[in-house]
*Asks:* 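Next up is a structure, given as C-alpha cells.
The model shown is predicted, which means the values in this text are computed figures rather than measured ones.
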Amino acid sequence: MMSFTLQRIPAFSSALFCRCSSKSFQRHCSRILSKKVRVSDALSSNETGSNVRIQGWVRSVRPQKDNLFLHVNDGSSLQPLQVVASSHLNTRDLTFGCAVDITGPLEKSPSKRQNVELHAQLIKVVGECNPVDFPFKIKERHSLEYVRQFPHLRCRTNAFSSLLRIRSEASSAIQSFFRDNGYVQIHTPVITSNDCEGAGELFQVEPAGHKTDSDDPNPHFFSVPAYLTVSGQLHLEVMAGAFSAVYTFGPTFRAENSQSRRHLAEFYMVEAEIAFTESLDDLMKVMEDLFKAATEHVLSSCAEDVELFHKYIAPGHRDQVDLMLKRKFIVISYTEAIDILKSSSQNFTFSTEWGCDLQTEHEKFLVKHCGNVPVFVINYPYELKPFYARDNQDQPKHTAAAVDLLVPEVGELCGGSLREERLELLRQRLAQAGLEDTYAWYLQLREFGSVPHGSHTPACFEEVFS
C-alpha cells in the first residue's frame, strides 16, 4: 500500500496542478515539484527550462517598473545567482539581507556576467531583515576592523564567507592527504594531564564553582590536575607503538596573554607521528608534500574566493604562491641560519647569537634571503627543545634533531622532531628536568617494542586563516 501511494502521488499532484484554477495552489505545487539546488550548482548548470528551488539570502535588490532583479546567495559560492521576477512579486519585506525561498525555471542569461538566471514564479520571504538596523550596508565596503565588531554577523560578508569556504576546503585537503597516505586518524583528548610543551601556559579544568578544601586529600575533579590540551603529540606517540602512521586534527589551547594572531587562546592544530623513521628528511618530505597538496587543492576548489583575497585583502601574493608550489623547499641548519643573520646588515630587535630562539623577524629575513621560498631550518640547539627531541650527540655545538618550516610573510608554519627512542638518554633528560616520575609511563613506551619515530605539526589553522 505504501509503495503504491508513493508511486501515484506525483501523477495525482500533476493532474491537480493542471486542473486547479487556484493560482496559490499552483504555486504551492510548483514549489513541491521543483528540484532544490544550491546556488553554486545553479551557476554551473547547463540545463535550462526546468523548475528549480533555491533558498538563501538577498545580497541586492533592484526594482524597476516592470521587473525586479535580485542577487541571492546561499553560502555555497562567492558569486550570487541573479533572479529576475515580475514587479508584482515585489513586497516591502523583500530587502537586502532577508532570507528567501524562490521557485522558477533556470534560463540562459543575456548578460555576460553569468551563464544562467532564475526567472522567479514564486518568492517567499522566510526571514525579514530591516536594512536600516542591519550593520552592513548594501553599497558600502566595510573594513575588517568594522566587520569584526559583529562576530555573530560577519560570516555574511564576502571576506569572511570566502575565508570559511577556503578553510573548509583546506581542512578537507589535509584529511584527504593523510587518508590517502595510509595514516590513521586519532581523536586525542581535549582534557589531559599532560603538558607537552613544558611551558606551563595551560588552562586548568575544574567544575564551575569548585572550591578547594585544604583538608581534602584529593581536591581535583579528575584526581590529578587536568588541563585543556596544548598538543595531542604525547597521545600520538602512544598510538605510534601500534600504528606506523597516525595523525590528529583538533582544538588546542594556550594560556598566553597576547593579542596577536600568533598567540591565540584557542586554535586548531594538525599533528602527525611516523614510526620507523630515523631521518628528518622523512618528516620534511611529508611537510612539503602536505603543504603543496593542500595549497593546490584550495587554489583549484576556491579560485574565486582566493582571487578575492589576492585582489582586496592581501594583494600581490599570487605569484609568490605559484613560486612556492613550483620550487623545492630549501634546507639549512640552525647554525647556518645564525651565520646568515649575523652577517646581514639588518638591525634585529632580538639577539642573533648561537643558542637563541629564532624570532619572527629572523624567520622572515631568512625566507627573503633564500629567495622567498619556504625554508626548512634543522638541528636546533639541544637546550631549546623539549625533553622528547632526539639528541644528536654532536660537539662542540650540542643540537637536537628538530626542524621548523618557515614560509614567506608568516615565518614558522610547521615544526617537528625525531623522538628520543633511547631509554637511558631519555631517562637522564627527564631526571634533569625533575619529570621522571611524572612521565614514568612515557619511559615505559621505550621498554616494550619501541622504534625510532618522529612527529611533525603541519599547521596551526588560526594563525594561517585569522
*Asks:* Any side-chain to backbone donor/acceptor pair from Ser76 onto Ser40? Under 3.5 Å, distance only.
*Replies:* yes

*Asks:* Check the pair Arg167 / Tyr268 against side chain to side chain contact (heavy atoms under 4.5 Å, CB included), numbers first and verdict last.
*Replies:* CA-CA 11 Å; Arg167 181 187 173 111; Tyr268 268 66; 4.0 Å; yes

*Asks:* Check step by step if side chain to side chain contact (heavy atoms under 4.5 Å, CB included) holds for Val37 and Leu106.
*Replies:* CA-CA 11 Å; Val37 298; Leu106 275 179; 5.5 Å; no

*Asks:* Check for a donor-acceptor pair, side chain of Glu363 on one end and backbone N or O of Glu412 on the other, with a separation under 3.5 Å.
*Replies:* yes

*Asks:* How long is the span from the CG atom in Asn130 to the SG atom in Cys98, to the nearest 0.5 Å?
*Replies:* 11.5 Å

*Asks:* If I take atom OG from residue Ser45 and atom CZ from residue Arg38, how far apart are they, to the nearest 0.5 angstrom?
*Replies:* 13.0 Å

*Asks:* Compare all side-chain heavy atoms of Gln359 with those of Asp357 and state whether any distance is below 4.5 angstrom.
*Replies:* yes

*Asks:* Starting at CD of Glu273, measure out to CG of Leu236 and round the result to the nearest 0.5 Å.
*Replies:* 6.0 Å

*Asks:* Using distance alone, with no hydrogens and no angle criterion, decide if Glu169 and His297 have a side-chain donor and acceptor under 3.5 Å apart.
*Replies:* yes

*Asks:* So, for Ala275 and Val451, which heavy atoms are closest and what is the spacing to 0.1 Å?
*Replies:* CB-CG2, 3.9 Å

*Asks:* If you look at every heavy atom in Ile378 and Val403, which pair is closest and at what distance?
*Replies:* CG2-CG2, 3.7 Å

*Asks:* So for atom CD, which belongs to Gln204, do other residues, nucleotides or ligands contribute more than 12 heavy atoms lying within a distance under 6.0 Å?
*Replies:* yes

*Asks:* Would you please indicate if the ring centroids of Phe348 and Phe350 are separated by under 6.0 Å?
*Replies:* no

*Asks:* Taking the inter-plane angle between the rings of Phe136 and Phe134 on a 0 to 90° scale, is it parallel (under 30°), tilted (30 to 60°) or perpendicular (over 60°)?
*Replies:* perpendicular

*Asks:* I'd like to check Met284 versus Val331 (side-chain heavy atoms, cut-off strictly below 4.5 Å). Are they in contact?
*Replies:* yes

*Asks:* Would Asn372 and Gln320 count as a side chain to side chain contact (heavy atoms under 4.5 Å, CB included) if you check the C-alpha gap in whole Å, the side-chain angles of each, and the deciding distance to 0.1 Å?
*Replies:* CA-CA 8 Å; Asn372 269 328; Gln320 191 173 77; 3.9 Å; yes

*Asks:* Should we say atom NE2 of His369 is surrounded by more than 12 heavy atoms from elsewhere, each under 6.0 Å from it?
*Replies:* no

*Asks:* Main chain of Leu341, side chain of Ser344: is a donor-acceptor contact present, judged purely on distance under 3.5 Å?
*Replies:* yes

*Asks:* Which heavy-atom pair separates Val377 from Leu406 by the least distance, and what is that distance?
*Replies:* CG2-CD1, 3.7 Å

*Asks:* Just wondering, are more than 12 heavy atoms of other shown residues or ligands nearer than 6.0 Å to CD in Gln346?
*Replies:* yes

*Asks:* Would the distance check show the side chain of Asp319 and the main-chain N or O of Leu323 forming a donor-acceptor pair, the cut-off being under 3.5 Å?
*Replies:* no

*Asks:* Quick one: does Val238's side chain get under 4.5 Å of Leu234's, heavy atoms only?
*Replies:* no

*Asks:* Without hydrogens or angle criteria, can the side chains of Glu117 and His119 be said to hold a donor-acceptor pair below 3.5 Å?
*Replies:* yes

*Asks:* Counting C-beta onward and ignoring hydrogens, is there a side-chain heavy-atom pair between Val83 and Ile54 closer than 4.5 Å?
*Replies:* yes

*Asks:* The test is side chain to side chain contact (heavy atoms under 4.5 Å, CB included); show your working for Thr360 and Lys364 and say whether it passes.
*Replies:* CA-CA 6 Å; Thr360 301; Lys364 290 183 177 180; 3.7 Å; yes

*Asks:* Quick one: does any side-chain atom of Thr95 pair with a main-chain N or O of Cys129 as donor and acceptor, under 3.5 Å?
*Replies:* yes

*Asks:* Look at the rings of Tyr380 and Tyr334 and say which category their plane angle falls in: under 30° parallel, 30 to 60° tilted, over 60° perpendicular.
*Replies:* tilted

*Asks:* When you look at Arg318 and Asp322, which way does the salt bridge (charged side-chain N to carboxylate O under 4.0 Å, His left out) test go after all the steps?
*Replies:* CA-CA 6 Å; Arg318 182 55 194 262; Asp322 292 338; 3.4 Å; yes

*Asks:* Taking side chain as C-beta onward, heavy atoms only, is Val321 less than 4.5 Å from Leu299?
*Replies:* yes

*Asks:* Just by distance, no angles: are the side chains of Thr248 and Thr188 close enough, under 3.5 Å, to form a donor-acceptor pair?
*Replies:* yes

*Asks:* Please round to the nearest 0.5 Å and tell me the distance separating atom CZ of Arg419 and atom CD of Glu237.
*Replies:* 5.0 Å

*Asks:* Just checking Asp74: does its CG atom have more than 12 heavy atoms from other residues, nucleotides or ligands closer to it than 6.0 angstrom?
*Replies:* yes

*Asks:* Between Asn51 and Ser34, what is the shortest heavy-atom contact and its length?
*Replies:* CB-OG, 3.4 Å

*Asks:* List the atom of Ala120, the atom of Leu89, and the distance in Å for their closest heavy-atom pair.
*Replies:* O-CD1, 3.7 Å

*Asks:* Looking only at side-chain N and O atoms, does Gln233 offer a donor or acceptor that is under 3.5 Å from a partner on Tyr388?
*Replies:* yes

*Asks:* A side-chain contact here means heavy atoms from C-beta on lying under 4.5 Å apart; do Phe276 and His453 qualify?
*Replies:* no

*Asks:* Check this for me: Asp180, atom CG, are more than 12 non-hydrogen atoms of other residues, nucleotides or ligands nearer than 6.0 Å?
*Replies:* yes

*Asks:* A side-chain contact here means heavy atoms from C-beta on lying under 4.5 Å apart; do Arg179 and Ser176 qualify?
*Replies:* yes

*Asks:* Can you tell me how far CZ of Arg254 sits from CD of Glu266, rounded to the nearest 0.5 angstrom?
*Replies:* 12.5 Å

*Asks:* Do Arg154 and Thr157 meet the criterion of a side-chain donor-acceptor pair at a distance under 3.5 Å?
*Replies:* no

*Asks:* Give me the ring orientation class for Phe329 and Phe376: parallel if the planes are under 30° apart, tilted from 30 to 60°, perpendicular past 60°.
*Replies:* tilted

*Asks:* Taking only residues two or more places apart in sequence, or in another chain, which ones meet Lys137 in a salt bridge (Lys or Arg N to Asp or Glu O under 4.0 Å)?
*Replies:* none

*Asks:* Side chains of Ser455 and Glu271: donor-acceptor distance under 3.5 Å anywhere?
*Replies:* no

*Asks:* Any heavy-atom pair between the side chains of His235 and Asn194 that's under 4.5 Å?
*Replies:* yes

*Asks:* Can you tell me how far the OG1 atom of Thr103 sits from the CG atom of Leu118, to the nearest 0.5 Å?
*Replies:* 8.0 Å

*Asks:* Mind listing the closest non-hydrogen atom pair of Leu366 and Val375 along with its distance?
*Replies:* O-CG2, 4.4 Å

*Asks:* Counting N and O atoms only, with roles assigned by atom type, does the side chain of Asp101 sit under 3.5 Å from a partner on the main chain of Lys124, one being a donor and the other an acceptor?
*Replies:* no

